[in-house]
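The structure under discussion appears below in the form of structure tokens.
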Amino acid sequence: MKLSLQVRYSLAVVCILAAIVGFMGIAHLYGFRSLISASTLATAKTVSDALYKEERKQSEDLAGFLARILVDPVSRSRAQAIDGLIIAALAQPGMVYVVVHDAQGRVIGGAGAGSKPVPKWAARAGAGLREKAGGLPLAQIAQALSTGKIVSQVDGLALLITAPIIGSRRPLGTVTLGTSLQATKTDVAKFGGYMDAVAAASFQFFSMIYVGIAVMIVVIGLGIGIIMVRDMARPFQALGHYMRRIGTGKYDEPPPFERSDELGDLARELGRMAQNLKKVAQISRLAILGELAVGVAHELNQPLNTIRLAADNVLLSRRSEGSDSDFAESKLRLISEQAANMGDLIQRMCVVGRAEGGRTKIDARESVRDAVSLLANRCEDEGIEMSIDLPDDVALVLGRRNELAQVLINLIVNARDAVLEAALARGGPSDAGGGHIWIRMETRPQEVIIEVADNGGGIGPDLVERIFDPFFTTKEATKGTGLGLSISLGIVHAMGGRLGTANKGGGAVFTVQLPRADGAA
Ligand SMILES: Nc1ncnc2c1ncn2[C@@H]1O[C@H](COP(=O)(O)OP(=O)(O)OP(=O)(O)O)[C@@H](O)[C@H]1O
Ligand SMILES: [Mg+2]
């Protein structure tokens, strides 16, 4: 698949952008997501810590307060007052049980929330603190009694707080509260869920921002890329256009741009090459004229011979007795006709060799006749048969008569060379016996078709692509410059026509298609 430079550069820009956006996407997925979840986790932990701390502080405050108001009932052993305070404390939200011990660790009051019984450890406490100090709550009670400070710990889903009841500097006992952490745990879980939702939402939000930014980068990058690519491709297109113009013979056109970089160097070198090509084209033109000179010499030789013979005959008849004036007259007429033919031939040669004038409507048949008249006898001498089939009607095309004649001379000389070469390859006689060149013209409503066909073996499939290239030749350096077809192509293109080739009937057929100029007459 052939891709233009512009398409290739554009694809490169798209790939680079896709790589950048893809890289950003991966970074976004791995980095951003973990950043968000880390920060939400940290927030959730901070909040849950704060919640637990607050819960503990409230419970400790309550226990401290209860311990203070229990001083009096405990010191006076007023069981009823103690129970009243316990029930009041149990009414607090989250309270599971409240137990009051005396200084020896005996239960002097206690109850559970709802129908819950007083915990077993509290009931067993009467056995004495020392023995039971290994149990968790009992150790806590002992610690509160010995230090005189509030002691608390988390036990599963419960928070156990023991506050010493201190009356006139002597510990009277303790009050232990068991509060449930279930509500706080539920709050923390709810908050965790909320933070997860926040994380998901912010991830979604930033994903959308990311997609927006990615689309913007792609659109802006693509825009800039396309402009850059167009700027990069433009000089190449200009150079391509310039070279096509050179190909059609516009050698004097200046290079398309002046730059100080490598492209500028290339354009200058192409300009120089165009000037060299111009010189070579002039040389080639001289070579055509050389070719013609040989043809003309052949063409003039025959009428000259006829003239000399006729003149000799008249001279002889005048010397002999009874000269016949009719005979002399017929010979003189022949001399006059032959001289006229020679004049015509010389005029045609002048037409072909003349410097170019402007482009006008010309009869394409005249150019064919010019070319044929200059080469026919020579081909005949070489044993090549020539068939010419021209229409009766005028075939007007826009161009220069001598240029079109040059095209046909190139094609006929190529056909002749091919036929001679084929004869040589067959190892036959030096002349091309059996060689044939057909020149046929046809007028169609829109165009004039001229075909030059031969039976010289045709063009090899590996050469067909290259034969129109300047300087491509399979002939010896002294015989061919390789410019004939490329110059012919340039002339035909300049006339708005086409020049093509095919192999047919044991040889090559070159077809010139020219737009008709009759309509514009
Ligand atoms: N009728 C043909 N049959 C076979 N090959 C041909 C024919 N016409 C052209 N070619 C091939 O195309 C090549 C290029 O032709 P072109 O007329 O451009 O250059 P040339 O004839 O080699 O040289 P120049 O025309 O400058 O004297 C020839 O060398 C020949 O190989
Ligand atoms: Mg040629």
Counting only heavy atoms from other residues, nucleotides and ligands, does the tally under 6.0 Å from CD of Gln513 exceed 12?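 Yes, CD of Gln513 has more than 12 neighbouring heavy atoms, counting only those of other groups under 6.0 Å.
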Do other residues, nucleotides or ligands put more than 12 heavy atoms under 6.0 Å from Met273 CE?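 Atom CE in Met273 is packed in, count exceeds 12.
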Begin from the C-alpha positions of Met386 and Ile412 and carry the test side chain to side chain contact (heavy atoms under 4.5 Å, CB included) through to its verdict. CA-CA 10 Å; Met386 227 182 204; Ile412 296 170; 3.4 Å; yes
State, yes or no, whether a side-chain contact exists between [X] and [Y] at a heavy-atom distance under 4.5 Å.
| X | Y | value |
| --- | --- | --- |
| Thr186 | Gln182 | yes |
| Lys475 | Asn414 | yes |
| Leu485 | Leu489 | no |
| Leu404 | Ile491 | no |
| Ile384 | Asp454 | no |
| Pro515 | Leu398 | no |

Could you tell me the separation between the [atom1] atom of [X] and the [atom2] atom of [Y], rounded to the nearest 0.5 Å?
| X | Y | atom1 | atom2 | answer |
| --- | --- | --- | --- | --- |
| Arg440 | Thr511 | CZ | OG1 | 8.5 Å |
| Ile467 | Thr473 | CD1 | OG1 | 11.0 Å |
| Ile307 | Gln338 | CD1 | CD | 6.0 Å |
| Arg400 | Ser367 | CZ | OG | 12.0 Å |
| Leu181 | Arg56 | CG | CZ | 8.5 Å |
| Leu390 | Ile439 | CG | CD1 | 8.5 Å |

May I have the list of side-chain donor-acceptor pairs in residues 193-205 shorter than 3.5 Å, sequence neighbours left out?
{"residue": "Ser202", "atom": "OG", "partner": "Val198", "partner atom": "O", "Å": "2.8"}
{"residue": "Ser202", "atom": "OG", "partner": "Ala199", "partner atom": "O", "Å": "3.0"}

Which heavy atom of [X] sits nearest to which heavy atom of [Y], and what is that distance?
| X | Y | value |
| --- | --- | --- |
| Asn455 | Gly505 | CB-O, 4.3 Å |
| Pro254 | Tyr242 | O-CE1, 3.4 Å |
| Gln275 | Tyr251 | NE2-O, 3.2 Å |
| Val419 | Gly435 | CG1-CA, 3.4 Å |
| Ile437 | Arg416 | CD1-N, 3.7 Å |
| Val448 | Arg516 | CG2-CG, 3.5 Å |

Pairs in or reaching into residues 235-245: which pass salt bridge (charged side-chain N to carboxylate O under 4.0 Å, His left out), with residues at least two apart or in two chains?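 Residue pairs with at least one partner in residues 235-245: Arg245-Glu253.
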Verify side chain to side chain contact (heavy atoms under 4.5 Å, CB included) between Leu239 and Phe257, making sure each step is shown before the conclusion. CA-CA 9 Å; Leu239 285 179; Phe257 48 74; 3.9 Å; yes
Suppose we screen for side chain to side chain contact (heavy atoms under 4.5 Å, CB included). Which residues come up paired with [X], at least two apart in sequence or across chains?
| X | result |
| --- | --- |
| Leu41 | none |
| Ile20 | Ile16, Met24 |
| Val14 | Leu222 |
| Leu35 | none |

Worked check of side chain to side chain contact (heavy atoms under 4.5 Å, CB included) between Ile450 and Leu411: CA-CA 11 Å; Ile450 309 167; Leu411 297 182; over 6 Å; no
Output all residues satisfying side-chain hydrogen bond (donor to acceptor under 3.5 Å, both in side chains) with [X], sequence neighbours left out; order by chain, then residue number.
| X | result |
| --- | --- |
| Glu55 | Thr184 |
| Asp363 | Arg365 |
| Lys45 | Asp49 |

One pair to check against side chain to side chain contact (heavy atoms under 4.5 Å, CB included): Lys185 and Tyr52. What are the steps and the verdict? CA-CA 9 Å; Lys185 280 229 154 120; Tyr52 282 123; 3.1 Å; yes
Expected list for residues 327-335: side-chain donor-acceptor pairs under 3.5 angstrom, two or more places apart:
{"residue": "Glu329", "atom": "OE2", "partner": "Arg333", "partner atom": "NH2", "Å": "2.7"}
{"residue": "Ser330", "atom": "OG", "partner": "Phe327", "partner atom": "O", "Å": "2.9"}

For residues 497-504, run the donor-acceptor check on the side chains, cut-off 3.5 Å, and write out each pair with its distance to 0.1 Å, sequence neighbours left out.
{"residue": "Thr501", "atom": "OG1", "partner": "Val509", "partner atom": "O", "Å": "3.4"}
{"residue": "Asn503", "atom": "OD1", "partner": "Ile459", "partner atom": "N", "Å": "2.8"}
{"residue": "Asn503", "atom": "ND2", "partner": "Ile459", "partner atom": "O", "Å": "2.7"}

Using a 3.5 Å cut-off and no angle test, enumerate the donor-acceptor pairs between side-chain atoms of residues 260-271 and protein atoms at least two apart in sequence or in another chain.
{"residue": "Asp261", "atom": "OD1", "partner": "Arg259", "partner atom": "NE", "Å": "3.2"}
{"residue": "Asp261", "atom": "OD1", "partner": "Leu263", "partner atom": "N", "Å": "3.3"}
{"residue": "Asp261", "atom": "OD1", "partner": "Gly264", "partner atom": "N", "Å": "3.1"}
{"residue": "Asp261", "atom": "OD2", "partner": "Arg259", "partner atom": "NE", "Å": "3.1"}
{"residue": "Asp261", "atom": "OD2", "partner": "Arg259", "partner atom": "NH2", "Å": "2.8"}
{"residue": "Asp265", "atom": "OD1", "partner": "Arg268", "partner atom": "NH2", "Å": "2.6"}
{"residue": "Arg268", "atom": "NH1", "partner": "Arg259", "partner atom": "O", "Å": "3.2"}
{"residue": "Glu269", "atom": "OE2", "partner": "Arg272", "partner atom": "NH1", "Å": "2.6"}

Within the side chain of Arg359, is there an N or O that forms a donor-acceptor pair under 3.5 Å with the backbone of Ala494?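 Checked: pair present.
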